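Just so it is clear, the model here is predicted, and its values are computed rather than measured. Counting from 1, the numbers follow the sequence of the chain as shown.
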Amino acid sequence: MFNIKPDIKEPSALFNLGYGLYVITSNDGTKDNAMICNTVMQVTDSPKRIAVCINKQSWSHDVIRKSGIMNINCISTDAPFAIFERFGYASGRSINKFENEKLLRSDNGLAVLTDYVNAYISLKTKQYIDLETHGMFICSIMQAQVISDKDTMTYTYYQKNVKPRPKPAVKNVWVCRVCGHIYEGDTLPEDYICPVCSHSADYFNKSDE
């Protein structure tokens, strides 16, 4: 049992909302583009409507706003971090994310990924909602196909199993020449006394010496 705290808004509570991860493909008429998105959801069943939220600073937002179409590629749990580096760590404004790659295309002419996805869904914009920093595209489904039976990758799975963990900062190591005691830290204090043999800092050598 937990206690309800009055007037509390913990941002971390939002981390417990479930999100899938998707590669959204689009085309500006001359170049294919793709981006990583975690805000895709089915909002109605009859008629079937899909909502997709995209940051206005993303080039994909501008392309889809103009073209009115996009493909959602559902990332599967076997996808490596390289997929996220390729489609999520650079802007399509400055690079071609599909350069020299032969692509499969759905009926709308947009790219469909063949690796590390379990389905694709082709969407057509029916309504656009301005959300200040983001735009929400309410879409109808034009085409959809299952590619594999692998599970869809969630944002939680990505954080725990795919995204590289930051390496801990490497501390300097000093070793006592007398007893072998090890001191770890950014610097060895000048007045440091070995807790084992009571020798001064002068008796310590840095481990890389």
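The minimum heavy-atom distance between Lys56 and Gly135, with the atom names listed, is CG-N, 4.2 Å. Contact between Met70 and Cys139 at its shortest, heavy atoms only, is CE-SG, 3.8 Å. Taking each heavy atom of Lys48 and Gln42 in turn, the nearest pair found is CG-NE2, 4.2 Å. When all heavy atoms of Cys53 and Met136 are compared, the pair lying nearest together is SG-CE, 3.5 Å.
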Does the pair Phe98 and Phe87 meet the rule for a ring pair (Phe, Tyr, Trp, His ring centres under 6.0 Å), with working shown?
CA-CA 10 Å; Phe98 292 105; Phe87 296 120; 5.5 Å; yes
Determine whether Tyr158 and Tyr19 satisfy the following criterion, ring pair (Phe, Tyr, Trp, His ring centres under 6.0 Å), listing intermediate values before the conclusion.
CA-CA 10 Å; Tyr158 166 77; Tyr19 298 92; over 10 Å; no
Step by step, would you call Ser60 with Asn33 a side chain to side chain donor-acceptor pair (under 3.5 Å)?
CA-CA 7 Å; Ser60 292; Asn33 189 44; 2.9 Å; yes
Go through the steps for Met35 and Ile54 under the test side-chain contact (heavy atoms from CB on, under 4.5 Å), then give the verdict.
CA-CA 10 Å; Met35 64 167 287; Ile54 301 178; 3.8 Å; yes
Let's go through Asn71 and Ser122 carefully: what are the C-alpha distance in whole Å and the side-chain angles of both, what is the deciding distance for side chain to side chain donor-acceptor pair (under 3.5 Å) to 0.1 Å, and is it a yes or a no?
CA-CA 4 Å; Asn71 280 355; Ser122 298; 2.8 Å; yes
Go through Phe137 and His61 one step at a time and tell me if the ring pair (Phe, Tyr, Trp, His ring centres under 6.0 Å) criterion holds.
CA-CA 9 Å; Phe137 298 84; His61 173 276; 5.7 Å; yes
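Put simply, Leu21 and Val23 are part of the same group of oily side chains (I, L, V, M, F, W, Y) that touch within less than 4.5 Å, one to the next. Both Ile36 and Val112 are part of a single hydrophobic cluster, where members link through side-chain heavy atoms under 4.5 Å apart. Under the 4.5 Å side-chain contact rule for hydrophobic residues, Tyr203 and Trp174 do not share a cluster. Both Ile83 and Leu103 are members of a single hydrophobic cluster when ILVMFWY side chains are connected at heavy-atom separations under 4.5 Å. Transitive grouping of hydrophobic side chains (ILVMFWY, heavy atoms separated by less than 4.5 Å) keeps Ile72 and Met41 in distinct clusters.
With hydrogens and angles disregarded, a donor-acceptor distance shorter than 3.5 Å links the side chain of Lys97 to the backbone of Ala34. Looking at Lys163, its side chain never comes within 3.5 Å of a backbone N or O of Phe81 through a donor-acceptor pair.
Residue pairs meeting the salt bridge (charged side-chain N to carboxylate O under 4.0 Å, His left out) criterion with at least one member in residues 60-75, sequence neighbours excluded: Asp62-Arg93.
Checked against Ile24 for a side chain to side chain contact (heavy atoms under 4.5 Å, CB included), the options Leu123, Ile64, Leu110 give a single hit: Ile64. Remark: of the listed residues Asn108, Leu113, Ile69, Asp32, Leu113 is the sole one forming a side chain to side chain contact (heavy atoms under 4.5 Å, CB included) with Thr25.
Side-chain contact of Thr152 with Asn118: a donor-acceptor pair under 3.5 Å is present, judged by distance alone.
When the shell of 6.0 Å around CD of Glu190 is examined, it contains 12 or fewer heavy atoms from other residues, nucleotides or ligands. Within a 6.0 Å radius of OH in Tyr116, no more than 12 heavy atoms belonging to other residues, nucleotides or ligands are found. By the 6.0 Å contact criterion, NZ on Lys31 is enclosed, its count of non-hydrogen atoms from other residues, nucleotides or ligands being greater than 12.
The aromatic rings of His181 and Tyr192 lie parallel to each other, with less than 30° between the two planes, well short of the 60° mark.
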